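A note on names: the letters A, B, ... follow the listed sequences, proteins ahead of strands, and every chain is numbered from 1. For the numbers below, each heavy atom of this structure counts, side chains included, while hydrogens, waters and symmetry mates do not. These numbers come from a predicted model, not from an experiment.
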Amino acid sequence: MVKRKANKLEENSNTPDLRRSTRRKQTFPTPATEEVKASESDASQAPKSEPAKSKAATKDSAQQSTLPKCEADGTATSYWLMKAEPESRFERGVDVKFSIDDLASRTEPEPWDGIRNYVARNNLRAMKKGDIAFFYHSNCKEPGIVGTMEIVQEHSPDLSAHNSSAPYYDASSKPDNPKWSVVHVKFRSKLKQAIGLKELKEMGKSGQPLEQMQVLKQSRLSVSRVSPAEFQYLMGVVKERGGESN
DNA sequence: GCCAACGTTGGC
DNA sequence: GCCAACGTTGGC
């Protein structure tokens, strides 16, 4: 009974909001890199807000002046929120716990694996090197945003899906046609004081700054978008509460 | 542990 | 393609 998966539905990304989320990340060794067939759309969407970056770097020069740009290709930085579970929980006999402190202790880029939901996967595929993500602790005593990380390597196949001893093994994903993806991330900061879900919900009430925030509207989505305005607002809150440490 | 809110499966 | 039954997420 434990299966995780998300079959059917296959590649229809695009339709944004209709679907929900998937979960957390779990850690497993993964040889990074490989090519992916970015088949379908990666776009995942984002209704409102952000100037969605054009992945291919087509236009968008307009935004460059107002947003921090990410290196190389000159596209604008996008922001995300990714959930992981900081408390022990066993999936197929493996503990999937992964906290901000676990990430901080890594010396190599960490593959964000175990994502088994198409909307979340499409968000991973839309990420660009240099993008920033909030690290969110879920399914725990005090759920909320606890830190930030940076996307250091764009999507590649999630090879853990093909490993029968991995917690999120998915027999339906074939090595010659990988269904799931990872991005590699690195620790950037830990908040001096976490921003709890309760507070996020307050800031997400009607008329408040996070009214449109994706994760508040689709609470089960484990990899969601954060608009530049939402990101900046939240970083203002972080600053007021003692900032971050590296 | 409960359970609301969702996602997936599979019969028809 | 519909939709009932079942599975999962994740806050509480």
Side-chain angles (χ1 to χ4, degrees), chain A residues 1-28 40-47 80-100 102-103 112-125 133-147 158 160-161 166-174 177-182 191 193-206 208 210-226 234:
Chain A
M1 49 154 250
V2 192
K3 300 250 145 186
R4 157 127 280 97
K5 319 189 129 229
N7 279 341
K8 274 356 206 24
L9 259 199
E10 280 299 331
E11 338 259 302
N12 46 346
S13 17
N14 282 344
T15 30
D17 301 347
L18 307 185
R19 288 189 170 55
R20 241 21 113 3
S21 66
T22 306
R23 231 268 147 234
R24 48 215 129 223
K25 167 210 173 343
Q26 83 72 25
T27 320
F28 235 64
E40 53 252 100
S41 61
D42 322 351
S44 54
Q45 117 2 295
W80 310 92
L81 180 146
M82 299 163 82
K83 300 180 184 177
E85 300 180 64
E87 296 174 6
S88 285
R89 189 176 65 81
F90 291 83
E91 191 74 46
R92 296 175 60 93
V94 180
D95 193 349
V96 297
K97 154 183 151 45
F98 190 75
S99 68
I100 186 69
D102 291 324
L103 180 64
W112 200 267
D113 55 12
I115 300 303
R116 300 290 180 268
N117 165 282
Y118 289 104
V119 172
R121 182 205 65 178
N122 292 337
N123 279 337
L124 290 178
R125 291 185 178 183
F134 284 121
F135 192 115
Y136 179 95
H137 279 170
S138 72
N139 204 14
C140 59
K141 196 80 178 296
E142 299 191 314
I145 293 172
V146 296
D158 184 350
S160 74
Y168 295 115
Y169 171 62
D170 179 3
S172 74
S173 180
K174 305 301 181 188
N177 186 18
K179 183 184 287 188
W180 307 113
S181 299
V182 297
L191 307 192
Q193 192 185 338
I195 302 177
L197 176 60
K198 196 173 302 180
E199 300 156 89
L200 290 171
K201 283 179 169 172
E202 284 296 317
M203 304 171 204
K205 287 185 169 172
S206 179
Q208 295 297 117
L210 304 185
E211 184 177 1
Q212 301 294 321
M213 194 169 173
Q214 190 176 22
V215 74
L216 296 177
K217 304 184 111 173
Q218 296 179 234
S219 66
R220 293 172 55 185
L221 188 56
S222 64
V223 178
S224 62
R225 288 184 177 271
V226 174
L234 283 166

Can you name the residues that form a side chain to side chain donor-acceptor pair (under 3.5 Å) with K201(A), not counting sequence neighbours? none
Within the 4.5 Å heavy-atom criterion, are L200(A) and Y136(A) side-chain neighbours or not? yes
Tell me the interatomic distance from L221(A), atom CG, to dT8(C), atom C1', rounded to whole angstroms. 14 Å
Length of the line joining H137(A):NE2 and dG10(C):P, which is rounded to integer Å: 14 Å
Side chains of E91(A) and Y169(A): does their closest heavy-atom pair fall under 4.5 Å? no
Close aromatic pair by centroid cut-off 6.0 Å: Y118(A) and W180(A): yes
N139(A) CG to dC2(B) C1', in whole Å, measures 13 Å
For E87(A) and dC12(C), what is the distance between atoms CD and C1' respectively, to the nearest whole Å? 13 Å
State whether K141(A) places a side-chain N or O below 4.0 Å from either non-bridging phosphate oxygen (OP1 or OP2) of dG10(C). no
Rounded to whole angstroms, how far apart are CD on E91(A) and P on dG10(C)? 12 Å
In whole angstroms, how far is the C1' atom of dG10(C) from the OH atom of Y136(A)? 8 Å
For the pair made of CZ in R89(A) and C1' in dG11(C), what is the distance, rounded to whole Å? 14 Å
Which part of the nucleic acid, if any, lies within contact of K198(A), taking any heavy atom under 4.0 Å across all strands shown: a base, the sugar-phosphate backbone alone, or nothing? nothing
Report the distance from atom CG of D170(A) to atom P of dT8(B), rounded to the nearest whole Å. 12 Å
Is any side-chain nitrogen or oxygen of Y168(A) closer than 4.0 Å to OP1 or OP2 of dT8(C)? no
